[in-house]
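Here is the structure we will look at.
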Amino acid sequence: MSKMLNPKSGTLELRYKEDERSYRIDVQSAHVPTFTTDGYLSKKAQRVTLDLIASDPFWYAVEDEIHYLSNWEPNLEWELEFPMTGASELGIELERFNGDQLVTLLNDGDEATGMELYLTASGDVKNPEIIRVMADGTMTQKMKLLTTIQAGDLIRITTSVGNKRIEKWNDAQQFWGNIFNTLSLDSQFIQLDVGENYLRYQTESHADQLEIKVHYRLRYVGV
């Protein structure tokens, strides 16, 4: 135990489970454990005192919330009849692109939280813009990248407080390269407020060839 809780060992992850929900917090040991013979339990058990410090005081959900900002709407209806005749012989439209579709992201935690957004494209996509529509519909926040994403590119946007980043994956050298300079000057790093948040995206070309995957972690002030 002393080896594991050595203050020089760095950050540890402490987990707490209640019913069907699990929470985690990053901590660091303030000192090696203190063992005492007071209230000695048995030959195989002994009381120990731990002092753990959490520089980030929030508890987090163990698993990320994952959603897609998809502008594609399903268009397949049942019941289908086979064989198809008439106009149906030309094919079935399985999905339809809707450039104005809002996606609802629910923050069920106690505090606003940041996101990680992963942008990938199947073709050239110019100047992608992520837009948050406020609940009253009168105001928006946006993040706009002044760049063209090419097929196969992977861009990561991190909006967490104290860890704001915009990066592009360099597959040849296997690292995330900084492209913070592509962010427009009027952009804001969007946070997800407690409750429902409404997001969509748009581009200046080929919006139907962009996919945005959103990761965010719920934050709790206590468990």
Side-chain angles (χ1 to χ4, degrees), residues 1-39 41 44-69 105-120 130 132 141 143 145 154-183 187-195 197 199 212-223:
M1 180 177 288
S2 295
K3 182 178 180 180
M4 182 180 66
L5 294 172
N6 184 343
K8 296 182 179 180
S9 298
T11 302
L12 304 170
E13 181 178 283
L14 178 65
R15 293 196 178 192
Y16 172 75
K17 185 173 182 179
E18 182 179 42
D19 298 327
E20 299 300 319
R21 305 190 70 174
S22 296
Y23 309 87
R24 55 164 292 273
I25 189 171
D26 290 333
V27 298
Q28 188 169 13
S29 180
H31 53 74
V32 294
T34 302
F35 297 90
T36 177
T37 56
D38 295 338
L41 300 179
K44 294 184 178 181
Q46 186 176 4
R47 296 188 185 277
V48 60
T49 301
L50 307 175
D51 287 324
L52 304 176
I53 300 173
S55 56
D56 179 354
F58 290 101
W59 289 84
Y60 290 84
V62 172
E63 300 293 336
D64 286 354
E65 298 288 323
I66 301 176
H67 299 274
Y68 287 87
L69 300 188
L105 303 182
L106 177 63
N107 178 2
D108 197 28
D110 297 330
E111 289 285 334
T113 189
M115 303 174 286
E116 279 191 349
L117 302 107
Y118 294 86
L119 285 65
T120 56
I130 299 162
R132 179 188 173 199
Q141 295 176 318
M143 295 185 64
L145 302 185
L154 174 60
I155 290 177
R156 179 174 66 183
I157 302 173
T158 306
T159 72
S160 301
V161 175
N163 188 34
K164 296 180 173 67
R165 301 169 181 266
I166 302 176
E167 301 163 302
K168 181 178 179 180
W169 178 248
N170 186 320
D171 194 53
Q173 300 184 28
Q174 296 290 296
F175 77 98
W176 289 99
N178 179 22
I179 57 168
F180 203 97
N181 62 322
T182 64
L183 185 68
S187 292
Q188 298 172 289
F189 281 90
I190 298 171
Q191 304 292 300
L192 299 179
D193 290 335
V194 175
N197 298 264
L199 270 66
I212 301 179
K213 187 178 183 181
V214 184
H215 292 240
Y216 62 96
R217 186 162 289 179
L218 304 180
R219 304 199 301 172
Y220 302 92
V221 296
V223 295

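This one's a predicted model, so the numbers in the text were calculated from it and none came from an experiment.
The nearest pair of heavy atoms linking Pro57 to Ile25 is O-CD1, 3.9 Å. Nearest approach of Ile155 to Trp176, heavy atoms of both residues: C-CZ3, 4.4 Å. For Asn163 against Thr158, the heavy-atom pair with the smallest separation is O-CG2, 3.1 Å. Shortest non-hydrogen contact noted between Arg217 and Thr113 is O-OG1, 2.9 Å. In this structure, Met143 and Gln188 approach most closely via the heavy-atom pair CG-O, 2.6 Å. Closest heavy-atom contact between Arg24 and Asp26: NH2-OD1, 2.6 Å.
Under the rule for a ring-ring contact (aromatic ring centres under 6.0 Å, His included), Phe58 has no partner lying at least two apart in sequence or in another chain. Considering only residues two or more places apart in sequence or on other chains, Phe180 meets the ring-ring contact (aromatic ring centres under 6.0 Å, His included) condition with Phe189.
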Dump the intermediate steps for side-chain contact (heavy atoms from CB on, under 4.5 Å) on Asp51 and Ser29, then the final yes or no. CA-CA 6 Å; Asp51 287 324; Ser29 180; over 6 Å; no
Could you go through the side-chain contact (heavy atoms from CB on, under 4.5 Å) check for Asp171 and Leu154 one step at a time? CA-CA 9 Å; Asp171 194 53; Leu154 174 60; over 6 Å; no
In sequence, state the C-alpha distance, the side-chain angles, and the governing distance for Thr120 and Lys213, and then conclude on side-chain contact (heavy atoms from CB on, under 4.5 Å). CA-CA 9 Å; Thr120 56; Lys213 187 178 183 181; over 6 Å; no
Begin from the C-alpha positions of Leu192 and Glu65 and carry the test side-chain contact (heavy atoms from CB on, under 4.5 Å) through to its verdict. CA-CA 12 Å; Leu192 299 179; Glu65 298 288 323; over 6 Å; no
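Between Leu145 and Lys168 there is no side-chain heavy-atom pair separated by less than 4.5 Å. Under the 4.5 Å side-chain criterion, counting only non-hydrogen atoms from C-beta, Ile157 is not in contact with Leu183. Residues His67 and Tyr216 form a side-chain contact, since some pair of their non-hydrogen atoms from C-beta on lies under 4.5 Å apart. With contacts defined as side-chain heavy-atom distances shorter than 4.5 Å, the pair Val223/Arg21 does not qualify.
Summarising the geometry, atom CG belonging to Leu199 is positioned 9.0 Å from atom CD belonging to Gln141; distances are rounded to the nearest 0.5 Å. Here Asn178 contributes atom CG and Glu167 contributes atom CD; the two are 7.0 Å apart, rounded to the nearest 0.5 Å. To the nearest 0.5 angstrom, Ile130 atom CD1 is 9.0 Å from Thr159 atom OG1. Distance check, rounded to the nearest 0.5 Å: CG of Leu52 to NE2 of His31 gives 8.5 Å. To the nearest 0.5 Å, the span separating OH on Tyr220 from OH on Tyr23 amounts to 5.5 Å.
No option in Val62, Leu106, Asn107, Asp64 other than Asn107 meets the side chain to side chain contact (heavy atoms under 4.5 Å, CB included) test with Leu218. When Val48, Leu50, Val32 are each tested for a side chain to side chain contact (heavy atoms under 4.5 Å, CB included) with Leu5, only one passes: Leu50.
Ring-plane geometry between Tyr118 and His215 is classed as perpendicular, the angle between the planes exceeding 60 degrees on a 0 to 90 degree scale with a lower cut at 30.
Asp56 has no carboxylate O lying under 4.0 Å from a charged side-chain N of Arg219, or vice versa, which leaves the two without a salt bridge.
For NZ of Lys17, the number of neighbouring non-hydrogen atoms (other residues, nucleotides, ligands) closer than 6.0 Å is 12 at most. The number of heavy atoms from other shown groups lying within 6.0 Å of CD (Glu63) does not exceed 12.
Contacts classified as side chain to side chain donor-acceptor pair (under 3.5 Å) and involving residues 2-11 (residues at least two apart or in different chains) are not found.
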